[in-house]
Amino acid sequence: MSTPPPLATAVLARLAVAGGEPVTVDEVARDVWGVAPPRRGDRVAVQKRVLMLRRLFDQGSGDSSGVIVTEPGRVSTYRLALRSDQLDLWRFQELVRDARRLPPASAVAGLSHALDLWRGRPLQDVEGYEFADGTIARLCALHEAAQRELARAHAAVGDTAAALAVAERLAESLPGDLALDRTVSELRSRVRGEDGVLARHDFPGLRTSVSLVSGDLLDQSDADLVIGFTDTFDTVTDDRVIHRDSLQGQLLHVLFGGDRKRLDGQLRRELRHVPAVSVESRSDKRLGKLTRYPLGTVVTLSAGEQQVFGVAYSQMGNDLAARSSPQELAHGMERLWEHTARHGWRRPVAIGLVGAGLARVDGLGPQESLATVVRSFLARSRIGTVSPELRLVVRPDAIAGAGSTFFAKFLREQEDGATIEGPRTGQEGSPACPCTTERPRLPAGPRSTAMRSRR
């Protein structure tokens with residue numbers, strides 16, 4: 001589908017800002033061509049552009065269209081016959097409106113979805129037209145309000161870090177807003193005061209943050225947890241197959257109350273569609289499970305209100321020793337973040353120090369393991385949102401090995417290129433509209449993300 005020329009784009013934008021309401025040919029001629037009252041030639045010019053758009057949207061359908069319909073009446077009247085979810089311009093406004101009626105946790109999801117549609121300057125192809133300027137200003141104001149409300153919703157559910165990230169992004173685009181500056185300062189103080197936070201770095205371009213926390217992974221009640229498994233997904237915690245004090249052992253005895261039957265039942269359901277790599281014989285593997293699954297297999301487990309992602313990144317040897325390599329760890333993390341992006345609840349994701357127990361990663365120390373996890377998380381976050389926060393939880397007795405000072409420096413170094421779509425600019429490389437750096441837009445072509453027919 002080719003891109004329509006400027007006047008046809010302006011006609012399309014005029015119909016879009018009407019929000020699905022009918023617009024007469026005279027109104028289009030007045031608002032796009034600036035003629036009032038229009039003459040016959042002006043009306044013909046409008047009709048030609050409408051016909052051009054119809055043929056672009058509905059190729060092969062002649063003059064009829066399921067996108068731009070003609071309403072009966074004394075003069076020609078046109079209307080965009082689209083659902084709100086087929087036009088980001090409309091969908092954004094609908095999501096924000098609906099989120100304002102929801103409790104905080106649901107509002108976080110709705111507002112985040114709305115802001116994910118914000119793809120650059122809105123209606124930039126028709127900026128300067130009087131009919132568009134009012135809509136642009138209204139969208140800017142709505143975007144600002146949505147960010148403020150998202151920050152409040154994050155704070156209301158106890159996610160101070162996410163609230164701070166949203167507030168800081170907004171403050172950057174609104175210098176001099178004293179009330180917002182005070183909010184940012186208060187949130188920063190709360191984050192600094194949170195027990196156990198050793199290092200933290202925000203990645204505004206990716207809408208996420210990474211933190212290093214001293215504590216117990218299973219105490220992170222506000223987060224989805226990540227637990228490492230071997231390729232056999234063993235659960236026997238008799239200190240011969242799985243150590244009771246390991247994270248897998250704690251998963252069973254703390255989150256599942258020692259109910260191995262329930263844990264194994266969930267694992268069977270999650271793995272029933274995963275092709276096995278091989279099945280060991282009992283003579284070769286004396287204890288534990290015999291079926292091996294591909295490294296990188298990820299399962300979702302439910303322990304009450306806690307969601308746990310189990311990822312197989314190591315192999316359980318027949319000698320009952322778990323082994324992994326840097327390549328296997330990296331592969332497991334790639335699969336984990338892809339799974340989390342699809343099945344996570346958009347909550348913080350907490351993961352322990354990978355390879356710190358008996359399942360060591362050959363050739364990787366604690367710092368290298370942390371770096372592998374963070375790099376893979378940020379790489380997937382550049383494609384799309386995985387989680388508002390990656391929280392690496394390290395036991396107090398392992399902090400020295402992890403190196404919090406090293407980790408803080410490492411996080412700062414990862415900021416280069418940490419953006420989903422790269423820097424956004426206006427015309428000729430100028431900065432985008434100062435009221436925001438990201439806006440939904442109605443672009444020149446119907447193939448764009450703002451005008452897409454999903455019928």
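For clarity, every value in this text was computed on a predicted model and none was experimentally measured.
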*Asks:* Any salt bridge between D234 and K285, counting N to O under 4.0 Å?
*Replies:* yes
*Asks:* Measure across T291 and V279 and return the closest heavy-atom pair with its distance rounded to 0.1 Å.
*Replies:* OG1-CG2, 4.1 Å
*Asks:* What are the two closest non-hydrogen atoms of D202 and R200, and how far apart are they?
*Replies:* OD1-NH2, 2.9 Å
*Asks:* Please round to the nearest 0.5 Å and tell me the distance separating atom CG of L251 and atom CG of L218.
*Replies:* 7.0 Å
*Asks:* Is a donor on one side and an acceptor on the other found under 3.5 Å between the side chain of Q306 and the backbone of S302?
*Replies:* no
*Asks:* Does any donor atom in the side chain of S211 or E389 lie under 3.5 Å from an acceptor atom in the other side chain?
*Replies:* yes
*Asks:* Step through the shown structure and confirm whether more than 12 heavy atoms of other residues, nucleotides or ligands are within 6.0 Å of CZ on R138.
*Replies:* yes
*Asks:* At their closest point, which heavy atom of V277 faces which heavy atom of P294, and how far apart are they?
*Replies:* CG2-N, 3.5 Å
*Asks:* Contact between V393 and I351 at the side-chain level, heavy atoms closer than 4.5 Å - yes or no?
*Replies:* no
*Asks:* Atom CG of D264 and atom CZ of R269: how far apart are they, to the nearest 0.5 Å?
*Replies:* 11.0 Å
*Asks:* Under 3.5 Å, side chain of Q266 to main-chain N/O of R262, donor-acceptor pair present?
*Replies:* no
*Asks:* Considering only heavy atoms from C-beta outward, does the side chain of F309 approach that of T300 to under 4.5 Å?
*Replies:* yes
*Asks:* Run the side chain to side chain contact (heavy atoms under 4.5 Å, CB included) check on E328 and D231 step by step: do they pass?
*Replies:* CA-CA 11 Å; E328 289 166 340; D231 59 341; over 6 Å; no
*Asks:* Could you walk me through whether L12 and V126 pass the side chain to side chain contact (heavy atoms under 4.5 Å, CB included) test, one step at a time?
*Replies:* CA-CA 10 Å; L12 178 61; V126 290; over 6 Å; no
*Asks:* Looking only at heavy atoms, what is the nearest atom pair of V157 and A105, with distance?
*Replies:* CG1-N, 3.6 Å
*Asks:* Please round to the nearest 0.5 Å and tell me the distance separating atom CD of E172 and atom CG of L180.
*Replies:* 10.5 Å
*Asks:* Counting only N and O atoms by type, is there a donor-acceptor contact under 3.5 Å from the side chain of W337 to the main-chain atoms of L378?
*Replies:* no
*Asks:* Would the distance check show the side chain of E127 and the main-chain N or O of L123 forming a donor-acceptor pair, the cut-off being under 3.5 Å?
*Replies:* no
*Asks:* Just checking R100: does its CZ atom have more than 12 heavy atoms from other residues, nucleotides or ligands closer to it than 6.0 angstrom?
*Replies:* yes
*Asks:* For R286, is the CZ atom crowded, meaning more than 12 foreign heavy atoms sit under 6.0 Å from it?
*Replies:* no
*Asks:* Does the side chain of V236 come within less than 4.5 Å of L287's, by heavy atoms?
*Replies:* no
*Asks:* Got a salt bridge between R335 and E338, using NZ or NE/NH1/NH2 to carboxylate O under 4.0 Å?
*Replies:* no
*Asks:* Should L390 and F203 count as side-chain neighbours, where that means a heavy-atom distance under 4.5 Å?
*Replies:* no
*Asks:* How long is the gap from CG on N318 to CG on D284, to the nearest 0.5 Å?
*Replies:* 5.5 Å
*Asks:* Can you tell me if Q307 uses its side chain to pair, donor with acceptor, with the backbone of D224 under 3.5 Å?
*Replies:* no
*Asks:* Nearest 0.5 Å, what's the CG-OG distance between L206 and S387?
*Replies:* 12.0 Å
*Asks:* Considering non-hydrogen atoms only, spot the tightest contact between S314 and S324 and give its length.
*Replies:* CB-CB, 3.7 Å
*Asks:* Side chains of E280 and T232, heavy atoms from C-beta outward: is any pair under 4.5 Å?
*Replies:* no
*Asks:* I'd like to check V210 versus L392 (side-chain heavy atoms, cut-off strictly below 4.5 Å). Are they in contact?
*Replies:* yes
*Asks:* Should R207 and D116 count as an ion pair when the cut-off is N to O under 4.0 Å?
*Replies:* yes
*Asks:* Mind running side chain to side chain contact (heavy atoms under 4.5 Å, CB included) on D222 and R391 for me, showing each step along the way?
*Replies:* CA-CA 11 Å; D222 64 325; R391 187 180 306 162; 2.9 Å; yes
*Asks:* Is E334 salt-bridged to R380, cutoff N-O under 4.0 Å?
*Replies:* no
*Asks:* Determine whether F377 and T340 satisfy the following criterion, side chain to side chain contact (heavy atoms under 4.5 Å, CB included), listing intermediate values before the conclusion.
*Replies:* CA-CA 10 Å; F377 174 78; T340 305; over 6 Å; no
*Asks:* Just how far is it from atom OG of S376 to atom NE2 of H331, taken to the nearest 0.5 Å?
*Replies:* 12.0 Å
*Asks:* Can you label the angle between the Y293 ring and the F233 ring as parallel, tilted or perpendicular, going by 30° and 60°?
*Replies:* perpendicular
*Asks:* So that I can tick it off, tell me whether R148 and E144 are bridged by a salt bridge, with the cut-off set at under 4.0 angstrom between side-chain N and carboxylate O.
*Replies:* yes
*Asks:* Ignoring hydrogens and geometry, is there a side-chain-to-backbone donor-acceptor pair from R292 to M316 under 3.5 Å?
*Replies:* yes
*Asks:* Kindly indicate whether the side chain of L263, heavy atoms from C-beta on, has any atom under 4.5 Å from the side chain of D259.
*Replies:* no
*Asks:* Please name the pair of heavy atoms, one in T230 and one in Q315, separated by the smallest distance, quoted to 0.1 Å.
*Replies:* CB-C, 4.4 Å
*Asks:* Does any non-hydrogen side-chain atom of H143 lie less than 4.5 Å from one of V96?
*Replies:* no
